[in-house]
Amino acid sequence: MYDDREYGRLHSGTPGEKGLKDMKRVQLLDCTLRDGGYLVDAQFGNTVIKGMIKGLAESGIDVVECGFLKDEPHEKGSTIFNNAAQLRPFLPEDRRQASYVCLADYSRYTISNLEPFDGTSIDGVRACFFKNERYDVIDFCREITEKGYKLYVQPVDILGYSDAELLELIEKINPLEPYAFSIVDTFGSMYKEDLRRVFYLIDRNLNASSRIGFHSHNNLQMSFSLSQEFVDMTQGLRKVVIDATMAGMGRGAGNTNTELVMQYMNRKYNAGYDIDVVLDLIDNYVDGIRSTCSWGYSTPYFLAGSYSAHVNNIAYLTAKAGISSRDINYILNRIGSDARKRYDYDLLEKTYMEYNGTIRDDEKDVALLKENLQGRDILMLLPGHSIVTHKEEILKYCREKKPVVVSVNLLSHDYPINYVYFSNKKRYNYWKNASRFKEYKKIVTSNVTNIEDKNQHIIDFTRLVKCGWDQLDNSGILLLRLLDELDPASIAMAGFDGYSHDSSSNNYMHKEMEKTRNIKNADEANRDVQSMLEDYLNTRQSACPIQFLTPSRFEINQ
């Protein structure tokens with residue numbers, strides 16, 4: 001049952017006009033008619049809309065989200081409305097103790113079209129907005145409260161906010177005394193530690209009278225688990241609202257299931273929801289919709305959650321014949337975090353075509369390289385500035401060990417190079433006009449070139465690349481993965497320095513190889529490479545020893 005001490009602390013006295021539902025510590029909000037509406041273009045049909053709203057009220061649900069407020073014309077059977085009056089015919093005569101709300105997207109609704117609250121239609125509006133709209137939306141929210149409606153603040157992609165940005169938003173919202181401020185996991189990418197961090201940040205700074213909401217998506221199959229965590233962790237701290245949909249209905253991987261949350265609340269908190277009514281609604285309405293469209297967990301939607309990617313990216317890519325989950329993983333990783341949160345089909349297509357061009361049958365080339373390098377000592381000569389400052393140590397190692405020297409994206413007459421390795425197209429194009437370029441034996445990945453040359457081994461780029469890092473195509477890491485398949489006796493690395501943000505220092509042996517960089521990019525790049533290096537060490541097949549011949553920002557723990 002609900003904690004009596006918490007009930008008494010927050011709500012001394014009798015419920016009065018606010019109603020018992022407002023007094024509950026945990027409210028359950030069903031948003032099937034809104035979030036599920038994306039699957040059917042909001043066209044549920046009048047019978048289904050009325051039946052769902054009436055049934056949800058009978059189940060004891062606390063809040064019913066009835067659809068959208070938009071500037072689009074309202075059509076028969078649609079859950080897109082222009083004002084509260086259009087909603088009135090869909091609400092049950094016996095409103096029970098339920099509250100009724102709609103979602104208004106700031107960029108798609110003119111709030112002046114909403115008439116003042118009169119108690120005969122919805123009583124709350126959920127204001128949804130993107131981060132770049134957070135300053136402009138304040139007046140929009142203020143008008144909702146001035147018209148007499150409960151204000152629910154729904155910032156899209158809350159994980160996309162820095163702590164400072166979130167605190168600034170709360171500071172601007174607090175004077176409006178919102179009914180609720182929601183944690184919206186737009187891309188289904190939250191884990192428990194993310195939820196806890198964001199909740200405690202909001203809880204310590206939001207008006208004490210405001211509820212905190214939680215709206216999640218099931219890309220990582222975490223929705224129900226996170227909803228349980230949210231209910232339990234907030235006990236004794238804050239009144240809350242949990243969003244859910246019947247049968248998890250929603251775009252892509254879908255949402256937290258209303259029936260699951262009800263069952264949990266009944267068993268642990270004696271909430272008294274009538275689950276049989278919801279099961280009837282699923283049988284009578286939702287299952288019929290499922291026969292014409294689909295939602296729920298899948299590997300591509302797991303990838304969308306992993307990368308905080310918009311589901312439209314997944315829909316576009318999965319429509320391509322023969323595309324694999326590995327392909328989607330690479331493309332999402334490659335297009336970058338900002339592009340992933342929107343959907344740029346031209347960029348997706350370009351990246352997809354470029355990726356397809358890298359696939360190559362390289363078994364013969366790998367076999368030939370293994371024949372020449374297996375059991376040999378390898379020196380990887382990378383283009384860091386340390387190969388200039390430590391030239392004599394490197395040459396001494398070459399004289400004593402007589403390794404096979406594989407230079408990485410680099411030509412130099414100062415060292416006895418046996419192979420030149422290129423996995424960076426810009427570096428390849430930079431060096432290909434050098435006078436002795438054709439004399440070197442080359443190992444080239446297929447993203448650089450597929451042009452046959454008797455002095456050139458071409459390796460399938462997809463054989464070497466692994467996703468999960470912004471620096472996924474770091475040439476040193478890719479060569480280490482290739483060498484792992486060639487079974488060398490040992491590997492020494494020179495010039496694997498890492499990146500410096502100090503403009504007075506050199507990152508490369510040649511000044512013209514320098515890249516524009518800043519403190520943030522250099523530090524993040526170094527962390528990425530260190531993480532990839534650790535992954536390589538933990539997953540490699542070979543146990544050959546590895547050492548740095550020159551100073552490096554990275555660590556090797558063997």
Engineer: Does atom CD (E193) have a neighbourhood of more than 12 heavy atoms from anything else shown, all under 6.0 Å?
Structural biologist: yes
Engineer: Just by distance, do the side chain of R197 and the backbone of D194 share a donor-acceptor pair under 3.5 Å?
Structural biologist: no
Engineer: So, Y301 versus N218: side-chain donor-acceptor pair below 3.5 Å or not?
Structural biologist: no
Engineer: With a 3.5 Å cut-off and no angle check, do the side chains of D30 and T258 form a donor-acceptor pair?
Structural biologist: yes
Engineer: If only side-chain N and O atoms count, and only distance matters, is there a donor-acceptor pair under 3.5 Å linking S386 with D497?
Structural biologist: yes
Engineer: Mind checking what makes salt bridge (charged side-chain N to carboxylate O under 4.0 Å, His left out) contact with E363, not counting sequence neighbours?
Structural biologist: R463
Engineer: Within the supplied structure, the quantity of interest is the number of heavy atoms (other residues, nucleotides, ligands) at a distance under 6.0 Å from K131 NZ; does it exceed 12?
Structural biologist: yes
Engineer: Could you work out, with salt bridge (charged side-chain N to carboxylate O under 4.0 Å, His left out) as the rule, every residue matching D473, not counting sequence neighbours?
Structural biologist: R334
Engineer: Checking N409 against N424: is there a side-chain donor and acceptor pair closer than 3.5 Å?
Structural biologist: no
Engineer: Is it the case that more than 12 heavy atoms not belonging to Y191 sit under 6.0 Å from its OH atom?
Structural biologist: no
Engineer: With under 30° as parallel and over 60° as perpendicular, where do the rings of F437 and F422 fit, or are they tilted in between?
Structural biologist: tilted
Engineer: Quick one: salt bridge (charged side-chain N to carboxylate O under 4.0 Å, His left out) partners of K466, sequence neighbours excluded?
Structural biologist: D535
Engineer: Pick out which of K441, R436, K442 makes a salt bridge (charged side-chain N to carboxylate O under 4.0 Å, His left out) with E439.
Structural biologist: R436
Engineer: Please report the interatomic distance CE(M222) to CE(M190), rounded to the nearest 0.5 Å.
Structural biologist: 10.5 Å
Engineer: Should the pair F496 and F548 be assigned to parallel (<30°), tilted (30 to 60°) or perpendicular (>60°) ring geometry?
Structural biologist: tilted
Engineer: Do the side-chain N and O atoms of Q263 and E259 include a donor-acceptor pair separated by under 3.5 angstrom?
Structural biologist: no
Engineer: Measure the shortest side-chain to side-chain distance between Q547 and S490 over non-hydrogen atoms and say whether it is less than 4.5 angstrom.
Structural biologist: no
Engineer: Are any non-hydrogen side-chain atoms of I491 and L483 less than 4.5 angstrom apart?
Structural biologist: yes
Engineer: Can you tell me how the ring of F461 sits relative to the ring of Y330, calling it parallel under 30°, perpendicular over 60° and tilted otherwise?
Structural biologist: perpendicular
Engineer: Take a 6.0 Å sphere around CG of D338 and say whether it holds more than 12 heavy atoms from other residues, nucleotides or ligands.
Structural biologist: no
Engineer: Y264 vs Y269 aromatic rings, parallel, tilted or perpendicular, using cut-offs 30° and 60°?
Structural biologist: perpendicular
Engineer: Measure from NZ or CZ of R251 to the centre of the six-membered ring of W295, then state whether that distance is under 6.0 Å and the direction lies within 45° of the axis.
Structural biologist: no
